[in-house]
Every structure is written in structure tokens, then in C-alpha cells.
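Notes to accompany the following structure.
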Protein chains: 2
Amino acid sequence: MYSIDNKQYPCSTSLTMRYIGGKWKAVILIHLIEKKRYSELRKECKVITERTLSLHLKEMEADGLITRTVHTSKPPLKVDYELTQFGKTLIPVLKAIAEWGKDTAENNDRISFVK
Amino acid sequence: MYSIDNKQYPCSTSLTMRYIGGKWKAVILIHLIEKKRYSELRKECKVITERTLSLHLKEMEADGLITRTVHTSKPPLKVDYELTQFGKTLIPVLKAIAEWGKDTAENNDRISFVK
DNA sequence: CAGTATCCTCACAGATACTG
DNA sequence: CAGTATCTGTGAGGATACTG
């Protein structure tokens, strides 16, 4: 049994899911394997609303998975996000997830491509 | 862009998360790497309520990840669950997730053991 | 033993508008 | 450009009691 910030996780699997679970965190993280500006990230994740994207970025920054760097002092701002050393330890997991999705899509009749 | 049952997934990562995302699915699946009776599963996943466990099992059966087998015709019932061939393709992903959680717990000061 | 049935709540996520 | 503010809805998940 593990505990972070007074929340409990019964096993190592549930611990990992607290970092990358939810609908979008893994998706955002995989896009941040390469450092990226906020606007680029938004373009690549059009289906995620700005509010959700922004909240997730803050959470993952607080979790120590990513860093946020501001390069200007006045608007227009230039901000980029990248994985921390800790965040980078997730890369093999994220790649396994992405790969399974790809392989599954190719071999499962219930899944179709659109657009 | 992928589609299943009229729901859309923008990338292979989000597709995988639709199968193993949420708070408990990966946890349940990892316990089912070995075939197990319902009561065993319940004991090992005490923190998951019966309702949630039951609903997730049904969903994952509908998704083709697990099979449910009934071995008796009258109560008391004997039921066991196991991964399908399709479900088994997830094992490497599940193990990567569990392993990351384990390694992280050992090396992160914010995470503590309890009980 | 292996679940359902109800009821409930609250975090997640969407839509839209606004700002340093 | 890179967000925040507000308002709102849905559904995942929890608590408790009951059943074939």
C-alpha cells in the first residue's frame, strides 16, 4: 500500500495510474517527449479543450513530470514545456501504450479510421 | 483518428487508454494475468467496491479483454475470469506500468509505504 | 458465492468569454 | 501568445442493502 499526499494506492499499478491515468495525461506526455511550445501542443491536441490541457499541464508540473519555461517577460508570451528527468522515466511506458494502440487498431475489426 | 462505437480517439495512445484507462481497469487486468475466481479477485482488490469491480469486469468482457466462466448451475456459484488472447496482448503494457510504479515508489520521497 | 439495485456525490471535462 | 474565469453537465465511482 502506497501513499502520496494522504491519498492511498493499493499497488504499484494504481500508483502509476495516478500519474498517467485519466483521459488525457498520457496523450499530453507523449507529445512532450519532444520539447514543445504551448501553441504547438494545442495544435497537436485539438480535441482537448484549452481548460483541460491547461489544468493537466499544471498538475503534471506539480507532480514533477514536466517543466514550464517562460522565455519572455511581456506579452506576447513564449512558453515551452518539456519532460523532467523524472518524466523521462515514463517514456518506455508511454511508448508501450502508444504501440499497443497502434497494433490493436490494425488488427481489430471494431476499430475504424476516420478523417 | 480512430473510432469505436461512434466514439472518437485522436491517437493510438488515447485508444489504449480507452481500454485500460480509468482508476481501476489496469489494476484488475494485472490481477487477471492468472485466472482467478471472483472471490479471490475481491480479496486482492479490497479497495475497489463490489459495484465498481463488477461494472469494470462487464465492460472488459464486452471489450473482449476477458472471459467469464460459470462452473455451477445453481448457487453457490463458482465463476472465474481470465484474459482472452486479445487481453493477453496487454500483458507487456501492464507489466511496464506496474514496474514503473514499483521503481518510482522506491525512489521518490513524496511516496510512502503504509500498513 | 457472486453478484444487483438504489441512491448519491463530486471530479472531470466541455463551452464560451475574457486578460496580462 | 498563453493562458484564466465562470458556468454547466455527465458519468465514474462510492456506500449500503438486497438476491438467485
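The sequence lines fix the lettering, A, B, ..., with proteins before strands; numbering per chain opens at 1.
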Closest of C:dG14, D:dC1, D:dG3 to the A:Trp24 side chain is C:dG14

Re D:dG20: Watson-Crick or G-U wobble partner, both distances kept under 3.5 Å, found to be C:dC1

Can you see whether A:Thr16 engages A:Thr13 through a side-chain donor-acceptor pair at a distance of less than 3.5 angstrom? no

Taken to the nearest whole Å, CG/A:Leu77 to C1'/C:dT19 is 11 Å

Whole-Å distance, A:Asp80 CG to D:dC1 P, equals 15 Å

note: A:Ile28, atom CD1; D:dA2, atom C1'; distance rounded to Å ~ 15 Å

Problem set entry | Under 4.0 angstrom between A:Arg68 side-chain N/O and D:dG3 OP1 or OP2 | yes

Begin with the C-alpha distance, continue with both residues' side-chain angles, and end with the deciding distance and a verdict on salt bridge (charged side-chain N to carboxylate O under 4.0 Å, His left out) for A:Asp5 and B:Arg110.
CA-CA 8 Å; A:Asp5 302 335; B:Arg110 296 174 54 196; 3.4 Å; yes

- Item | B:Glu106, CD atom: more than 12 neighbouring heavy atoms under 6.0 Å | yes

Residues at least two apart in sequence or cross-chain that pass salt bridge (Lys or Arg N to Asp or Glu O under 4.0 Å) with A:Arg51, listed by chain then number, are none

Students often get this wrong, so: under 4.0 angstrom with heavy atoms, is A:Lys23 touching a base, only sugar-phosphate, or nothing? sugar-phosphate

From OH of A:Tyr38 across to P of D:dG3 the rounded distance in Å is 6 Å

Numerically ordered, the residues 49-66 of chain B set in heavy-atom contact under 4.0 Å with DNA chain D is B:Thr49, B:Arg51, B:Thr52, B:His56

* Donor-acceptor pair between B:Trp24 and B:Thr52 side chains, under 3.5 angstrom -> no

| Electrostatic pair B:Glu82-B:Arg68, nearest N-O below 4.0 angstrom | no

A:Ile48 atom CD1 is separated from D:dG3 atom P, nearest whole Å, by 14 Å

Between CG of B:Leu41 and C1' of C:dG3 the distance, given in whole Å, is 13 Å

Between NZ of A:Lys74 and P of D:dA2 the distance, given in whole Å, is 18 Å

Scanning both residues in full, the closest heavy-atom pair of B:Pro10 with A:Val47 reads CG-CG2, 3.4 Å

Atom CE of B:Met17 and atom P of C:dC12 are separated, to the nearest Å, by 14 Å

